[in-house]
A.B. asks: 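Sharing a structure with you now.
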There are 2 protein chains.
Amino acid sequence: MPSNAFSKIAPRQSVLPVNEWVYDTLCQLILHGEFVPGVTLTLRGIAESLDVSPMPVRESVTRLIAEGALEVSNKRRITVSQMTQKKFDELALARLSLEPALSALALPLIDAERLKLLVDVDSKLDVAISTGNIGNYIKYNCQFHFGIYEASPSPVLLPIIKSLWLRFSPFYRIVAGRAGTQTLDDYHESAIDAIKAKDPDALAKAIHKDIQEGMEMLNDSIGKQ
Amino acid sequence: MPSNAFSKIAPRQSVLPVNEWVYDTLCQLILHGEFVPGVTLTLRGIAESLDVSPMPVRESVTRLIAEGALEVSNKRRITVSQMTQKKFDELALARLSLEPALSALALPLIDAERLKLLVDVDSKLDVAISTGNIGNYIKYNCQFHFGIYEASPSPVLLPIIKSLWLRFSPFYRIVAGRAGTQTLDDYHESAIDAIKAKDPDALAKAIHKDIQEGMEMLNDSIGKQ
DNA sequence: AATTGAGATCTGTGATCACAAAATTATAAT
DNA sequence: ATTATAATTTTGTGATCACAGATCTCAATT
């Protein structure tokens, strides 16, 4: 029997093509930190866990490898990407270069409804911090950032930024899980203020600071995974 | 009979896995401007042109779609990505943010041999400009830039930058082909000078200017493809 | 000449099989 | 008990088939 990658996945209901549903599901699992860096996955194992045939899994995994979320090891074994100092530095550089810029582009497209959503997500994030719920912290932090970015239907920047998140999220989860939420802070307030003030530069700066603080916190833990 | 995507491809000799050979081949064709934006491709057509089975083509095309080089249209038809103003602006932003930075990172790793190669490629590029050989211009311009970037084995920045090039290269070829080489300039000299002087900031600035000039030249042609 | 529509063909997606290389387990030898 | 070796299973890759939806062909009709 093929090794099980995970279990207890919500069954497919949507009318999306199977491979897209598989891809989205795997993305969510990765972004929310459900995959441990270094763990090896198998096509048949994922297929069984998701109750689909190996074929659409193969296509999704190929995509995720292209996006750097998964890696194919030495002798063709699929693994969840591990963090290295070099990768980390480049991820930080790319995030700091692109995410503040996209925030500024997206700001004019954030309407009242989306702002409300962001405020709501941020309050849930505060709850997650104070109650020590790492899983929710990861999830709501992701939702907050992409809640801003996705206001702009960016055909280039958004997929690239998503690929950056796919790369560091597994590592993020491990580190945050070990350190606990007491080391985490919420730098999103100034971002919300900037959105309310409709000030793109201020938003870019707030996101920049948020990323920098977060990545600095992570930086000490590289190699100690 | 399936439609032929192209013809006259060098047969496979290498010992790479078939899918990687197919991927590399398609990348080169795209980067060198052999694919016309908007053209639809078919898995079976590519497979026949490359004399391989459809399976490895499928995998390669999936990768290229994930990287934005190809697109799957409205009703699942594979096409070479077309340029839009929004895409173009984001590509320019991303290139200007990442490529100068990677240049600076790579500079300390450029040895004498690589410098010699860069000088050589640049002189070939000058010949291509003066003789009006667009194809060679595209090729050597690509080789010059990646000749710098690849000095640093960057696990994150390099693949992302490659994906940026895959997205604009088909468009680049069309525009350059219509305008002719008389509108093209060679801004690589100051980059070479900066490398010789081992001055990362100067190299970053030179690459920045090179990208800016090139993208500005392209900007007027959007939508007139 | 332009339009329509039925039949044929092509295309992406998913399923299944085959296979060699790798990994795991079982067995034997010291 | 530990190591060496043989047998078995698992895994990614490639090939082939099935199929529904899209596309194309081309004659019939207006």
Side-chain angles (χ1 to χ4, degrees), chain A residues 1-7 9 11-27 35 38-81, chain B residues 1-7 9 11-27 35 38-81:
Chain A
M1 188 179 71
S3 70
N4 250 22
F6 40 84
S7 51
I9 298 297
R12 182 170 103 90
Q13 293 184 322
S14 104
V15 291
L16 286 174
V18 184
N19 70 61
E20 280 193 41
W21 176 80
V22 171
Y23 173 77
D24 290 342
T25 303
L26 292 177
C27 275
F35 279 6
V39 158
T40 75
L41 304 174
T42 67
L43 298 178
R44 290 169 177 90
I46 298 172
E48 192 171 300
S49 298
L50 262 47
D51 199 36
V52 297
S53 92
M55 204 58 219
V57 173
R58 214 165 138 177
E59 206 145 328
S60 302
V61 167
T62 300
R63 281 181 71 179
L64 288 165
I65 291 171
E67 293 169 340
L70 303 179
E71 281 174 350
V72 42
S73 81
N74 223 336
K75 268 317 175 188
R76 51 176 208 174
R77 203 110 285 177
I78 300 162
T79 96
V80 180
S81 298
Chain B
M1 189 181 73
S3 70
N4 251 23
F6 40 84
S7 50
I9 299 296
R12 182 170 103 89
Q13 292 183 322
S14 107
V15 290
L16 286 173
V18 184
N19 70 59
E20 280 193 41
W21 176 82
V22 171
Y23 174 78
D24 289 343
T25 303
L26 292 177
C27 275
F35 279 7
V39 159
T40 75
L41 303 173
T42 67
L43 298 177
R44 291 169 176 88
I46 297 172
E48 192 171 301
S49 298
L50 263 47
D51 199 38
V52 298
S53 93
M55 203 58 219
V57 174
R58 215 167 138 177
E59 205 145 329
S60 302
V61 167
T62 300
R63 282 181 70 178
L64 289 165
I65 291 172
E67 293 169 340
L70 304 178
E71 281 175 348
V72 43
S73 81
N74 224 336
K75 269 314 172 190
R76 48 177 209 175
R77 202 110 285 176
I78 300 161
T79 97
V80 180
S81 299

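What's counted below: heavy atoms across the whole structure, side chains too, no hydrogens, waters or symmetry copies. Letters A, B, ... are given to chains in the order of the sequence lines, protein chains preceding strands, and every chain is numbered from 1.
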A.B. asks: Checking contacts here: which listed nucleotide (C/dT16, C/dT11, C/dA22) is nearest the side-chain heavy atoms of A/Arg77?
C.D. replies: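 So the nucleotide nearest the side chain must be C/dA22.
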A.B. asks: Using the side chain to side chain contact (heavy atoms under 4.5 Å, CB included) definition, which of the options B/Thr42, B/Val22, B/Ile46, B/Val72 pairs with B/Val61?
C.D. replies: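 Result for side chain to side chain contact (heavy atoms under 4.5 Å, CB included) with B/Val61: B/Ile46.
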A.B. asks: In whole Å, what is the span from the NZ atom of A/Lys75 to the P atom of C/dA20?
C.D. replies: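 After rounding, the reported distance stands at 16 Å.
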A.B. asks: Taking atom P of D/dT13 as reference, at what distance in whole Å does atom OH of B/Tyr23 sit?
C.D. replies: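 Between P of D/dT13 and OH of B/Tyr23: 15 Å.
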A.B. asks: Using heavy-atom distances to pick each residue's nearest nucleotide on DNA chain C, tell me which of B/Leu43 and A/Pro56 is more 5'.
C.D. replies: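 Comparing both residues, the 5'-ward one is B/Leu43.
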A.B. asks: If I take atom CD in residue B/Glu59 and atom P in nucleotide C/dG12, what distance separates them, rounded to the nearest angstrom?
C.D. replies: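 For the pair B/Glu59 CD and C/dG12 P, the rounded distance is 16 Å.
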A.B. asks: If you check every side-chain atom of A/Arg76, which of C/dA18, D/dG14, C/dA20 has the closest atom?
C.D. replies: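 It is C/dA20.
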A.B. asks: What is the distance, rounded to the nearest whole Å, between atom CG of B/Leu16 and atom P of D/dG14?
C.D. replies: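 These atoms are roughly 11 Å apart.
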A.B. asks: Do A/Ser73 side-chain atoms and A/Ile78 backbone N/O form a donor-acceptor pair below 3.5 Å?
C.D. replies: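 Such a contact is absent between A/Ser73 side chain and A/Ile78 backbone.
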A.B. asks: What nucleic acid atoms does B/Arg58 come within less than 4.0 Å of, heavy atoms only: base, sugar-phosphate, or nothing?
C.D. replies: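 The answer is base, as B/Arg58 lies within the cut-off (heavy atoms under 4.0 Å) of a base atom.
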A.B. asks: May I ask you to decide if B/Arg63's main-chain N or O and A/Thr62's side chain share a donor-acceptor pair within less than 3.5 Å?
C.D. replies: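 Checking the backbone N and O of B/Arg63 against the side chain of A/Thr62, no donor-acceptor pair under 3.5 Å is found.
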A.B. asks: Check whether any side-chain N or O of A/Thr79 sits under 3.5 Å from a backbone N or O of A/Gly38 as a donor-acceptor pair, and report yes or no.
C.D. replies: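 Absent.
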A.B. asks: Would you kindly give the CD1-to-C1' distance between A/Ile78 and D/dT13, to the nearest whole Å?
C.D. replies: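 It works out to 11 Å between those atoms.
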A.B. asks: Between C/dG12, D/dT13, C/dG14, which one does the side chain of B/Asn19 approach most closely?
C.D. replies: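 In terms of side-chain proximity for B/Asn19, the closest of C/dG12, D/dT13, C/dG14 is D/dT13.
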A.B. asks: Please state how far atom CG in A/Leu41 lies from atom P in D/dG12, giving the value in whole angstrom units.
C.D. replies: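 Rounded to whole Å, this separation is 9 Å.
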A.B. asks: Using atom CG of A/Leu50 as one end and atom P of C/dG14 as the other, report the distance to the nearest whole Å.
C.D. replies: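 The distance from CG of A/Leu50 to P of C/dG14 comes to 13 Å, rounded to the nearest Å.
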A.B. asks: Round to a whole Å and report the spacing from CE of A/Met55 to C1' of C/dG12.
C.D. replies: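 Roughly 11 Å, once rounded to whole Å.
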